[in-house]
Amino acid sequence: MDSFINIFNQYSWDEVKERIYSKTAADVEAALGKQSRTLDDFMALISPAAAKYLEPMAQLSQQLTQQRFGKTIQMYVPMYLSNECNNICTYCGFSLDNKVRRRTLSATEILQEAMAIKEMGYEHVLLVTGEANHTVHVPYFKNAISLLRNHFAHISMEVQPLDEEDYRELTVEGLHTVLVYQETYHREDYKKHHPKGKKSNFQYRIETPDRLGRAGVHKIGLGILIGLEDWRTDSFFTALHLNYLERTYWQTKYSISFPRLRPFSGGLEPKIEMVDRELVQLICAWRIFNQEVELSLSTREHPRFRDNVMRLGITSISAGSKTNPGGYAVEPESLEQFEIADERTPAEMARVISSIGYEPVWKDWDGALS
Ligand code: SF4
């Protein structure tokens with residue numbers, strides 16, 4: 001069966017990296033001057049040569065975002081259902097080798113959490129778990145979705161990759177969106193960071209968006225974990241992936257996230273540090289390259305940074321997030337997956353969004369109508 005891996009295998013990481021780093025100011029200017037941009041233009045926009053074009057990039061990105069999305073910011077919040085995990089991932093607080101108490105929410109607890117989240121005003125919830133296939137499996141997800149679908153207009157999931165048939169079943173149950181981040185497209189480093197468990201299967205993971213597309217999931221979220229490898233090269237491969245998916249599963253919607261490695265108890269230091277200016281460059285490059293894709297930013301980022309980039313291209317954010325199972329009502333003190341940098345409540349965030357002339361959108365009408 002055709003999948004992205006066939007395209008991916010035609011590229012060499014080192015050659016792509018070399019091409020990005022050899023882009024010139026003329027390449028960046030050419031990319032900025034066009035109406036629509038190719039993957040080669042995207043390379044120029046994420047290259048070191050584009051760093052001195054941040055101001056025109058920000059202006060163009062803002063203008064393109066407002067044309068397509070208006071002055072709106074979609075609000076969503078994660079609900080961690082479980083921190084059980086059979087994988088070892090070097091960057092994660094839930095990794096199997098991290099000796100912490102594990103917990104999976106019961107049906108009653110899921111509803112308790114849901115009520116606390118509803119009180120904050122949310123209509124879009126993102127369900128998150130580790131990868132524990134014996135306890136947190138498809139029947140568990142089906143039950144969670146059936147419990148929540150009458151309370152939320154949009155249900156997203158960020159859990160272990162599943163089979164195509166599983167996604168089909170969950171979509172029928174009420175699932176709208178699935179986020180599945182490749183973490184890194186660098187095969188060898190991927191192996192290094194995922195030494196044990198099902199997640200170490202690079203091919204199964206990279207083919208997950210294909211299974212989602214074939215299953216007819218409404219929206220697919222892609223991303224890399226910034227800090228594991230060279231972010232420019234990894235971002236190029238994400239763009240290559242998105243390009244392929246948009247052509248192949250053209251009825252599906254897409255979003256991109258920009259998680260930067262955050263501290264957790266006993267955690268990994270980023271191999272490559274991405275500074276704020278570089279993340280602004282990346283966000284703007286994405287928007288200039290692709291006007292349809294949703295760009296999302298979580299509470300991993302600091303308040304000042306989030307407030308600034310909301311105007312430049314970001315279209316959805318989380319606020320008031322807890323990254324531990326039961327974090328909103330059931331057991332606020334359980335171990336979190338990573339530290340939050342923006343602790344503001346959803347109400348505070350909504351005030352900030354309004355104060356810069358934007359409208360916070362709690363209900364994803366598009367999702368509700370699909
Ligand atoms: S990143 Fe996901 S799969 Fe890996 S240890 Fe954390 S929860 Fe488990």
A.B. asks: Please name all residues satisfying ring-ring contact (aromatic ring centres under 6.0 Å, His included) with Y11, sequence neighbours left out, ordered by chain then number.
C.D. replies: F236
A.B. asks: Among side-chain atoms of T129 and S82, is any donor-acceptor pair under 3.5 angstrom?
C.D. replies: no
A.B. asks: Can a donor-acceptor pair be found between the side chains of D97 and S95 at a distance below 3.5 Å?
C.D. replies: yes
A.B. asks: Where do E169 and K142 come nearest, in terms of heavy atoms and distance?
C.D. replies: OE1-NZ, 3.0 Å
A.B. asks: Test side-chain contact (heavy atoms from CB on, under 4.5 Å) on R205 and H194 and set out the steps.
C.D. replies: CA-CA 12 Å; R205 194 164 187 92; H194 308 96; over 6 Å; no
A.B. asks: Kindly indicate whether the side chain of N86, heavy atoms from C-beta on, has any atom under 4.5 Å from the side chain of K198.
C.D. replies: no
A.B. asks: Given R68, which of Q63, E292, Q291 fulfils the side-chain hydrogen bond (donor to acceptor under 3.5 Å, both in side chains) condition?
C.D. replies: E292
A.B. asks: With hydrophobic residues grouped by side-chain heavy-atom distances under 4.5 Å, do V172 and V138 end up in a single group?
C.D. replies: no
A.B. asks: Nearest 0.5 angstrom please: Y328 OH to I117 CD1, how far?
C.D. replies: 5.0 Å
A.B. asks: Evaluate the side-chain proximity of E29 to Y53: yes if any heavy-atom separation is below 4.5 Å, no if none is.
C.D. replies: yes
A.B. asks: In the structure I gave you, are the side-chain heavy atoms of I356 and D307 within less than 4.5 Å of one another anywhere?
C.D. replies: no
A.B. asks: Would you please say whether a donor-acceptor pair under 3.5 Å links the side chains of Y140 and N133?
C.D. replies: no
A.B. asks: Looking at P259, is its backbone amide N or carbonyl O close enough to the side chain of R300 to form a donor-acceptor pair, meaning the two atoms are under 3.5 Å apart?
C.D. replies: no
A.B. asks: Where the side chain of K118 meets the backbone of H151, is there a donor-acceptor pair that is under 3.5 Å apart?
C.D. replies: yes
A.B. asks: Hydrogens and angles aside, do Y80 and E113 bring a side-chain donor and acceptor to less than 3.5 Å of each other?
C.D. replies: no
A.B. asks: With a 3.5 Å distance limit and no angle check, can you tell me whether N98 reaches the backbone of G93 through a side-chain donor-acceptor pair?
C.D. replies: yes
A.B. asks: Are the side chain of Q160 and the backbone N or O of A132 linked by a donor-acceptor pair below 3.5 Å?
C.D. replies: no
A.B. asks: With side-chain contact (heavy atoms from CB on, under 4.5 Å) as the test, would you mind laying out the steps for L212 and Y249 before giving the verdict?
C.D. replies: CA-CA 9 Å; L212 287 162; Y249 311 104; over 6 Å; no
A.B. asks: Does any non-hydrogen side-chain atom of E131 lie less than 4.5 Å from one of F94?
C.D. replies: no
A.B. asks: Please check: side-chain N/O of R306 versus main-chain N/O of S298, any donor-acceptor pairing under 3.5 Å?
C.D. replies: yes
A.B. asks: Sequence neighbours left out, cut at 3.5 Å: what donor-acceptor pairs do the side chains of residues 308-320 make with other protein atoms?
C.D. replies:
unit_1: N308; atom_1: ND2; unit_2: R304; atom_2: O; d: 3.3
unit_1: T315; atom_1: OG1; unit_2: L295; atom_2: N; d: 3.0
unit_1: T315; atom_1: OG1; unit_2: L295; atom_2: O; d: 3.3
unit_1: S316; atom_1: OG; unit_2: S296; atom_2: OG; d: 3.2
unit_1: S318; atom_1: OG; unit_2: T299; atom_2: N; d: 3.4

A.B. asks: When rounded to the nearest 0.5 angstrom, what is the spacing between CG in L147 and CD in E173?
C.D. replies: 10.0 Å
A.B. asks: Between P303 and D342, is there a side-chain heavy-atom distance shorter than 4.5 Å?
C.D. replies: yes
A.B. asks: After noting the C-alpha distance and the side-chain angles of L225 and H193, does the key distance pass the side-chain contact (heavy atoms from CB on, under 4.5 Å) rule?
C.D. replies: CA-CA 11 Å; L225 183 55; H193 290 293; over 6 Å; no
A.B. asks: Does K23, at its NZ atom, have more than 12 non-hydrogen atoms belonging to other residues, nucleotides or ligands within less than 6.0 Å?
C.D. replies: yes
A.B. asks: Once you round to the nearest 0.5 Å, how far does CD of Q74 lie from CD of E359?
C.D. replies: 10.0 Å
A.B. asks: For the aromatic rings, using the six-membered ring if either is Trp, is the centroid distance between F202 and H186 under 6.0 Å?
C.D. replies: no
A.B. asks: Measuring only between side-chain heavy atoms, which start at C-beta, is E278 closer than 4.5 Å to R232?
C.D. replies: yes
A.B. asks: Considering only residues two or more places apart or on different chains, which pairs with a residue in residues 279-290 satisfy side chain to side chain donor-acceptor pair (under 3.5 Å)?
C.D. replies: T65-R287, E246-N290
A.B. asks: Do any N or O atoms from the side chain of R103 and from the backbone of P325 form a donor-acceptor pair under 3.5 angstrom?
C.D. replies: no
A.B. asks: Please table the atom pairs, donor to acceptor, closer than 3.5 Å between any side-chain atom in residues 237-244 and protein atoms at least two apart or in another chain.
C.D. replies:
unit_1: T238; atom_1: OG1; unit_2: D234; atom_2: O; d: 2.8
unit_1: H241; atom_1: ND1; unit_2: Y185; atom_2: OH; d: 2.8
unit_1: Y244; atom_1: OH; unit_2: D210; atom_2: OD1; d: 2.5

A.B. asks: Between A44 and V28, which heavy-atom pair has the shortest distance, and what is it?
C.D. replies: O-CG2, 3.6 Å
A.B. asks: According to a hydrophobic-cluster definition based on side-chain heavy atoms being under 4.5 Å apart (Ile, Leu, Val, Met, Phe, Trp, Tyr only), do L39 and L64 belong together?
C.D. replies: no
A.B. asks: Mind checking whether K192 and E188 have side chains closer than 4.5 Å, heavy atoms only?
C.D. replies: no
A.B. asks: For F258 and L279, work out which heavy atoms get closest and say how close.
C.D. replies: CB-CD1, 3.8 Å
A.B. asks: Got a second to check how far R214's CZ is from S3's OG, nearest 0.5 Å?
C.D. replies: 7.5 Å
A.B. asks: Membership question, hydrophobic clusters at under 4.5 Å side-chain separation (ILVMFWY): are V293 and L282 in the same one?
C.D. replies: yes
A.B. asks: Under 4.5 Å between side-chain heavy atoms, hopping through other hydrophobics if needed: is there a path connecting L45 to W231?
C.D. replies: no
A.B. asks: Which residues satisfy the side-chain hydrogen bond (donor to acceptor under 3.5 Å, both in side chains) test with S257, sequence neighbours excluded?
C.D. replies: Y181
A.B. asks: Any sub-3.5 Å donor-acceptor pair from Y190's side-chain atoms to E183's backbone N or O?
C.D. replies: no
A.B. asks: Without hydrogens or angle criteria, can the side chains of E229 and T184 be said to hold a donor-acceptor pair below 3.5 Å?
C.D. replies: no
A.B. asks: Closest heavy-atom contact between L148 and A114?
C.D. replies: CD2-CB, 3.5 Å
A.B. asks: Say you draw a straight line from CG of D41 to OG of S47; how long is it, rounded to the nearest 0.5 Å?
C.D. replies: 11.0 Å
A.B. asks: Strictly by side chain to side chain donor-acceptor pair (under 3.5 Å), give each pair with a member in residues 347-358 just once, sequence neighbours left out.
C.D. replies: Q66-Y358, T345-E348
A.B. asks: Could you check whether R19 pairs with E15 (Lys NZ or Arg NE/NH1/NH2 to Asp/Glu carboxylate O, under 4.0 Å)?
C.D. replies: no
A.B. asks: Hey, does the side chain of R260 reach the backbone of M274 with a donor-acceptor pair shorter than 3.5 angstrom?
C.D. replies: yes
A.B. asks: If only atom types and distance count, is the side chain of R37 paired as donor or acceptor with the main-chain N or O of L32 below 3.5 Å?
C.D. replies: yes
A.B. asks: Is V217 reachable from Y204 through a run of hydrophobic residues whose side-chain heavy atoms are each under 4.5 Å from the next?
C.D. replies: no
A.B. asks: G121 and W362: which non-hydrogen atoms are nearest, and at how many Å?
C.D. replies: O-CE3, 3.4 Å
A.B. asks: Looking at N6, I want to see if its CG is surrounded by more than 12 non-hydrogen atoms of other residues, nucleotides or ligands under 6.0 Å.
C.D. replies: yes
A.B. asks: Looking at D166 and R211, does any basic side-chain N land under 4.0 Å from a carboxylate oxygen?
C.D. replies: no
A.B. asks: Just by distance, do the side chain of Y167 and the backbone of L162 share a donor-acceptor pair under 3.5 Å?
C.D. replies: yes
A.B. asks: Please assess L54 against V280 for the test side-chain contact (heavy atoms from CB on, under 4.5 Å), listing each intermediate value before the final yes or no.
C.D. replies: CA-CA 8 Å; L54 201 52; V280 172; 4.0 Å; yes
A.B. asks: Drop me the distance from M75's CE to H124's NE2, to the nearest 0.5 angstrom.
C.D. replies: 11.5 Å
A.B. asks: Are any of the side-chain heavy atoms of D189 and K271 separated by less than 4.5 Å?
C.D. replies: yes
